[in-house]
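Have a look at the structure below before the remarks.
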Amino acid sequence: MFGSEAGKLNPQFATMFKALFSAVMRYLDSRGWADDGSWVQVIDEPLWQHNETLANTLAIMKLYKEVDPRIKLFQTRWPGGSGEVSSAE
């Protein structure tokens, strides 16, 4: 998916991704769902403390928008920001 540099997508992956999600949007359009039914969550509760995670997530988000700007992006983050889960005692 990603090349040797954070946020740099493999060109073959990007081409296949665009073909796939263009077909998804055509399907949603054919049903009248494209404007309201095209929500995407790229990664669940990422830890933004790593620049590589942020760069890679932003690259995928931009790719979705290149396919169709109507695709809505939903993104969460780890609630505490640290990414560590403490066990209940």
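- Between W39 and L73, the closest heavy-atom pair is CZ3-O, 4.4 Å.
- In this view, D36 satisfies the salt bridge (charged side-chain N to carboxylate O under 4.0 Å, His left out) rule with no residue, not counting sequence neighbours.
- Considering only residues two or more places apart in sequence or on other chains, E52 meets the salt bridge (charged side-chain N to carboxylate O under 4.0 Å, His left out) condition with none of them.
- A salt bridge links D29 with R70; the closest basic N to acidic carboxylate O contact falls under 4.0 Å.
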Got a list of side-chain donor-acceptor pairs under 3.5 Å for residues 59-66, not counting sequence neighbours?
residue	atom	partner	partner atom	Å
K65	NZ	P69	O	3.0
K65	NZ	I71	O	2.6
E66	OE1	K18	NZ	2.9

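- Of the possible donor and acceptor atoms, one in the side chain of N56 sits under 3.5 Å from a partner among the backbone N and O of G7.
- In this structure, M16 shares a hydrophobic cluster with no other residue, the cluster being traced through Ile, Leu, Val, Met, Phe, Trp and Tyr side chains under 4.5 angstrom apart.
- Residues forming a salt bridge (charged side-chain N to carboxylate O under 4.0 Å, His left out) with R26 (at least two apart in sequence, or on another chain): none.
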